[in-house]
**Student:** 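Please read through the structure below; I'll follow up with questions.
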There are 2 protein chains.
Amino acid sequence: MRPTLQTVADAVGVSRSTVSNAYSRPDQLSPELRDRILSTAARLGYSGPDPTARSLRRGRVGSIGVLFTGQLTYAFTDPFAIQFLIGLAEAAEHHNTGLLLLPLSEDDEEAAARSVREALVDGFCVYCVPSDWYRSLAQINPRGLPVVGAELRDREAGAMFVGIDEAAATRAAGEHLIRLGHRRLAVIIDRGTPGRGTGPLRVDDFDTLPHYVARERLRGYRDAFTAAGVDWPTVTVVNAAANTRAEGAAAAAHVLDRADRPTAVFAITDLLAFGVLDALRARGLRAGRDVSVIGFDDIPDAATARLTTVRQPAVERGRAAGVLLLDPPPEAADRQVVLPTELIVRASTGPAPTATPTERN
Amino acid sequence: MRPTLQTVADAVGVSRSTVSNAYSRPDQLSPELRDRILSTAARLGYSGPDPTARSLRRGRVGSIGVLFTGQLTYAFTDPFAIQFLIGLAEAAEHHNTGLLLLPLSEDDEEAAARSVREALVDGFCVYCVPSDWYRSLAQINPRGLPVVGAELRDREAGAMFVGIDEAAATRAAGEHLIRLGHRRLAVIIDRGTPGRGTGPLRVDDFDTLPHYVARERLRGYRDAFTAAGVDWPTVTVVNAAANTRAEGAAAAAHVLDRADRPTAVFAITDLLAFGVLDALRARGLRAGRDVSVIGFDDIPDAATARLTTVRQPAVERGRAAGVLLLDPPPEAADRQVVLPTELIVRASTGPAPTATPTERN
DNA sequence: AGTAGCTTCTGTATCGATACAGTACGCGCT
DNA sequence: AGCGCGTACTGTATCGATACAGAAGCTACT
C-alpha cells in the first residue's frame, strides 16, 4: 500500500499534523524534527502530500483552465494566441499555478459542458471559443469560479474582462487607408463560416459571424469607410479556410485576379496578411504601391516583412487575464482591463494608385 | 454555503449515494428519479459533484501533465512541438482528459521538483526538457505515476517511450548528401549551449550538448560522413540563439560568408533551415545548386519552400504518447514505440558544385 | 407459498490530507 | 511561587464525494 501521512507519522512517532506541517509549514516545527520526518518519509517511499487530498482540504487546486473549442490546431497555429498563452503562463508561473488546456468538443455540447463542470481548476480563461458557443460566461461556468472573458459583451455583463477595442483599432487602420486615398477595399477573414472553405462571403453575413473578433474588426472598417462616404457593400469579404499564410494567399487570389481589383486589402490577422503579400509577389504586384496590405496583431515577423498592421499587446493581454484570475482586484472597476492598440505604419501601405492598376508600371 | 450532494439528497429525500449516481451512473436509477434529482439540483444551484472530492475518491484526476523547462515561448515557437502537442491533445480529448502545462523553472530546481510533486495529474509527458535536467524519469516522478519519455536512455531504462531513431534519420540525410558529392558540411543547431548566443561551437562539445535531440542528430551526420571518409572535425557546428527563422539566417551567416563555404548545410529544424534559405537568397546563392540545405521535421511550410528534410510523424508522436499514458498496453514491449522517419528529397538539395562556388554563375 | 432474480435505492466506510483549537512545556520576570 | 507568553506539537472535525455490500420491493416461475 502506498504510504500516507499517517504511515510516516507512525514511523516517526509524531502526529499526522506534524508530518503535514513538515511539508507545508516548515516554520511550525523544529528543523531537527523536520529532517527526521523527511528522511523517514524518503525511506518509506513517501513523496509528499497527495495533491488531490490536499486540494480537497485546501479548496484550491493550483491551476487555471484555458477553454478552447474545436481544433487545438487553430489555437496553436495563431501567433497571437500563442503570445497570449505565453503571457498567461507567465502570470501563472508567478503564482505557482499550472495551465490546464481544456479542448472542448464542438459537436458534443454535452461533453463540453461536462469537461467544464469537472475540470480541476481555480478559474477559467476563455481563449479560442466562438461567440455563439455560449450566451454568457455564467453559462460556461455554473460553479461560480472566476472567469475572464475577452468579448465586449462580457465586459458589459460585468464579468471579468481583458481585451482591446477591436473596432476602434480597425477604424484607425481604415482611416489610414482613407487618408491614403483608398476607396476599394477587400477584407480577408478566417472562421467566417464554420466548415466552409475559401471564398467570398455575402457582406450582410458579417453581423452574424460566429466569432466576435471578426465581427468587431469588420465593424471598425465599415465605420471608417462609411464615414468617408464609401459604400460599404462594395467591399468584398473573403473567407479563408484557416488562419495560415497559404490560405491567406488562396483567399487573396479571389480578389486580386479581378478586373476591379481592390487597391487595399485588410487581413484580419498578420498571418493572413503574409499570405496576401505572397499572392501579390506571385503576381508581380508591389505591396504598398499597387496594392496596400494591412494586417492585425503585429507578430514578430511583421517588422521584417514591413507589414503595416495594428499592434495589440498580446503577451500583456494574457498576463492581465492571469492576474485577474489569480488575484482579482477588490474594486470591480479594476476587473475590466482594456489595453491599448496602435497602428504601425510600414511599407505595405501607400497612396492608392491613381490610374487603373494595369496601366502602372 | 455552497450546496453539496447531501444538500440535494436532503431536498429530494433520497440518499447521498443516489444523487451521486444520478450524475455518474445514470443507469443505476430510474429516469424519473434522476430527473427529479437533477431539477432540484438546478433549483438549489448545485452544479454537479465537486471535481476535487471526486478525484480524491476515484483516484483519478482526468488530466496529464506536460513538463516544460524554461521559456514556454520556446515550446510554442517550435512547429514540431506544437504538432506534438496537438497529437497529445487529440489523444487526451478522446479520453476526456485535459492537458496540464507545467512550466518548470530552470533556476530553481527545488520549485520545479515541487511543481511535479504537487501536480494534479494522472501521468506525465516529458516535452521540452533538457537531458541534463534529470538523470532518469524516475527522478522526475517519485509518485509512481506513468511517465512517457522521448529519449533513448528512457527506452533503455525500460520506461515508457515514444520516439524516433534520431541518429538513423540524420544518417540517411547525411548519406543523401554524400551521394550528391558533398564533403564540406555545416550544421546549425539551437540550444547548443544554455544562455549563449549565435556562434560556432567547438565540435568536441557536441557529445555533451544538453539536449538529447541535438546530440543524436549530430551523431547520425557524423556517422554518415565518417563512414564516407570525411574528417568530421572539418564540420562546422553553429549555434543559433533560438529556433527561429531569423536566428537560422543569422547562424548561417557565420558559414556562408567564409572563403571555404560549405556546399551543404544541415539545420536541426526546418525553421532554422528556412533561415538558411533566407540567408542564401540574401546573398544571391541558389539553394540546391550553390548550397544544399536540409532540414528536419517536415513542417507544413517545408513543401512550399521545396525544402529537403527528414519527415517525422509529429502529431503521431504526441498521440502515441497520450495513448501510452491514458491506457498503457499490458505488454511491456508495446509500451515503447519507435516511429518511422523518412527522408523527403526536394529542390533544396542537389549535386555538390564541382568548381569553387564563386566561379559558378 | 416459496424462492430466485432483477431493479432500485440506502448506509457505512473510506479516499488523504489540512484547519484550528487546545495542550504541554520552557523561560523570563516580578 | 505565580503569571504571562511564545514555541512545538497533538487531536479531532472536516473537506465532498464514490465504492461496495446489502436491503427492499416487485415480478416470475415452480
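The chains referred to below are lettered A, B, ... by the order of the sequence lines, with proteins before strands, and numbering in each begins at 1.
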**Student:** Here's a test of your reading of the structure: between Leu29(B) and Thr4(A), which maps to the more 5' nucleotide of DNA chain C?
**Tutor:**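 Mapping each residue to its closest nucleotide by heavy atoms, the 5'-most match is Leu29(B).
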
**Student:** With sequence neighbours left out, write down each residue that passes ring pair (Phe, Tyr, Trp, His ring centres under 6.0 Å) with Phe161(B), or none if nothing qualifies.
**Tutor:**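 Once residues adjacent in sequence are excluded, Phe161(B) has no partner under the ring pair (Phe, Tyr, Trp, His ring centres under 6.0 Å) criterion.
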
**Student:** Quick one: which residue pairs count as a side-chain hydrogen bond (donor to acceptor under 3.5 Å, both in side chains) with a foot in residues 313-329 of chain A, not counting sequence neighbours?
**Tutor:**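 Found Glu90(A)-Arg319(A), His95(A)-Asp327(A), Gln312(A)-Arg317(A), Glu316(A)-Arg319(A).
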
**Student:** Is there any ring pair (Phe, Tyr, Trp, His ring centres under 6.0 Å) pair reaching into residues 318-338 of chain B, and which pairs are they, with sequence neighbours excluded?
**Tutor:**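 Checked against ring pair (Phe, Tyr, Trp, His ring centres under 6.0 Å) - neighbours excluded - no pair reaches residues 318-338 of chain B.
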
**Student:** Using whole Å, report how far CZ of Arg54(A) lies from P of dA17(D).
**Tutor:**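 So the CZ-P distance, Arg54(A) to dA17(D), works out to 21 Å.
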
**Student:** Rounded to whole angstrom units, what separation is found between the CG atom of Asp27(B) and the C1' atom of dT7(C)?
**Tutor:**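 Distance, rounded to whole Å: 11 Å.
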
**Student:** Give the rounded distance in Å between these two atoms: CD of Gln28(A) and C1' of dT18(C).
**Tutor:**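 Answer to the nearest Å: 12 Å.
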
**Student:** Could you give the CZ-to-P distance, from Arg36(A) to dC9(D), as a whole number of Å?
**Tutor:**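 So the two atoms are 9 Å apart, to the nearest Å.
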
**Student:** What is the bend of the helix from dA1(C)-dT30(D) to dT30(C)-dA1(D) when you compare the axis at one end with the axis at the other, using five pairs each and rounding to 10°?
**Tutor:**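 Nearest ten degrees gives 50° for this helix.
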
**Student:** Write out all pairs satisfying side-chain hydrogen bond (donor to acceptor under 3.5 Å, both in side chains) with one or both partners inside residues 18-30 of chain B, taking only residues at least two apart or from two chains.
**Tutor:**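 Passing the test, one end in residues 18-30 of chain B: Ser15(B)-Thr18(B), Ser24(B)-Arg54(B).
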
**Student:** What residues, two or more places apart in sequence or in another chain, satisfy side-chain contact (heavy atoms from CB on, under 4.5 Å) together with Arg43(A)?
**Tutor:**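 For Arg43(A) the side-chain contact (heavy atoms from CB on, under 4.5 Å) partners, ignoring immediate neighbours, are Thr40(A).
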
**Student:** Just the rounded figure in Å: distance from P of dC20(D) to CZ of Arg25(B).
**Tutor:**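 Roughly 8 Å, once rounded to whole Å.
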
**Student:** With Phe80(B), which residues qualify under ring pair (Phe, Tyr, Trp, His ring centres under 6.0 Å), at least two apart?
**Tutor:**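 Checked Phe80(B) against ring pair (Phe, Tyr, Trp, His ring centres under 6.0 Å); zero matches.
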
**Student:** Polar-atom pairs under 3.5 Å, protein N or O versus N or O of nucleotides 11-15 of chain C: list them with distances, or write none.
**Tutor:**
| unit_1 | atom_1 | unit_2 | atom_2 | d |
| --- | --- | --- | --- | --- |
| dG11(C) | N7 | Ser17(B) | OG | 3.3 |
| dG11(C) | O6 | Ser17(B) | OG | 2.7 |
| dT14(C) | O2 | Arg57(B) | NH1 | 2.7 |

**Student:** Over all strands shown, is Ser55(A) touching base, sugar-phosphate only, or nothing at heavy-atom distances under 4.0 angstrom?
**Tutor:**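 The residue Ser55(A) makes no contact with any strand.
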
**Student:** Atom pairs, N/O to N/O, protein against nucleotides 23-28 of chain C, distance under 3.5 Å?
**Tutor:**
none

**Student:** Pick base, sugar-phosphate or nothing for Tyr23(A), based on heavy-atom distances below 4.0 Å to the nucleic acid.
**Tutor:**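 It contacts nothing in the nucleic acid.
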
**Student:** Phe124(A): what forms a ring pair (Phe, Tyr, Trp, His ring centres under 6.0 Å) with it, not counting sequence neighbours?
**Tutor:**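 Phe124(A): no ring pair (Phe, Tyr, Trp, His ring centres under 6.0 Å) contacts found.
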
**Student:** Over all heavy atoms of both residues, which pair between Pro51(B) and Arg143(A) is shortest? Give the atoms and the distance, please.
**Tutor:**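 Nearest pair, atom of Pro51(B) first, then Arg143(A): CG-NH2, 3.4 Å.
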
**Student:** Taking only residues two or more places apart in sequence, or in another chain, which ones meet Ala42(B) in a side-chain contact (heavy atoms from CB on, under 4.5 Å)?
**Tutor:**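 Result, side-chain contact (heavy atoms from CB on, under 4.5 Å) vs Ala42(B): none returned.
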
**Student:** Go through the structure and list residues passing side-chain contact (heavy atoms from CB on, under 4.5 Å) with Thr52(B), not counting sequence neighbours.
**Tutor:**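 Applying side-chain contact (heavy atoms from CB on, under 4.5 Å) to Thr52(B) gives Ser55(A), Leu56(A), Val61(A), Leu120(A), Asp50(B).
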
**Student:** Rounded to whole Å, how long is the line connecting atom CG of Asn21(B) with atom P of dT7(C)?
**Tutor:**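 In whole Å, dT7(C) P and Asn21(B) CG are 15 Å from each other.
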
**Student:** dG11(D) P sits how many Å from Leu5(A) CG, rounded?
**Tutor:**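 Going from Leu5(A) (CG) to dG11(D) (P), I get 15 Å.
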
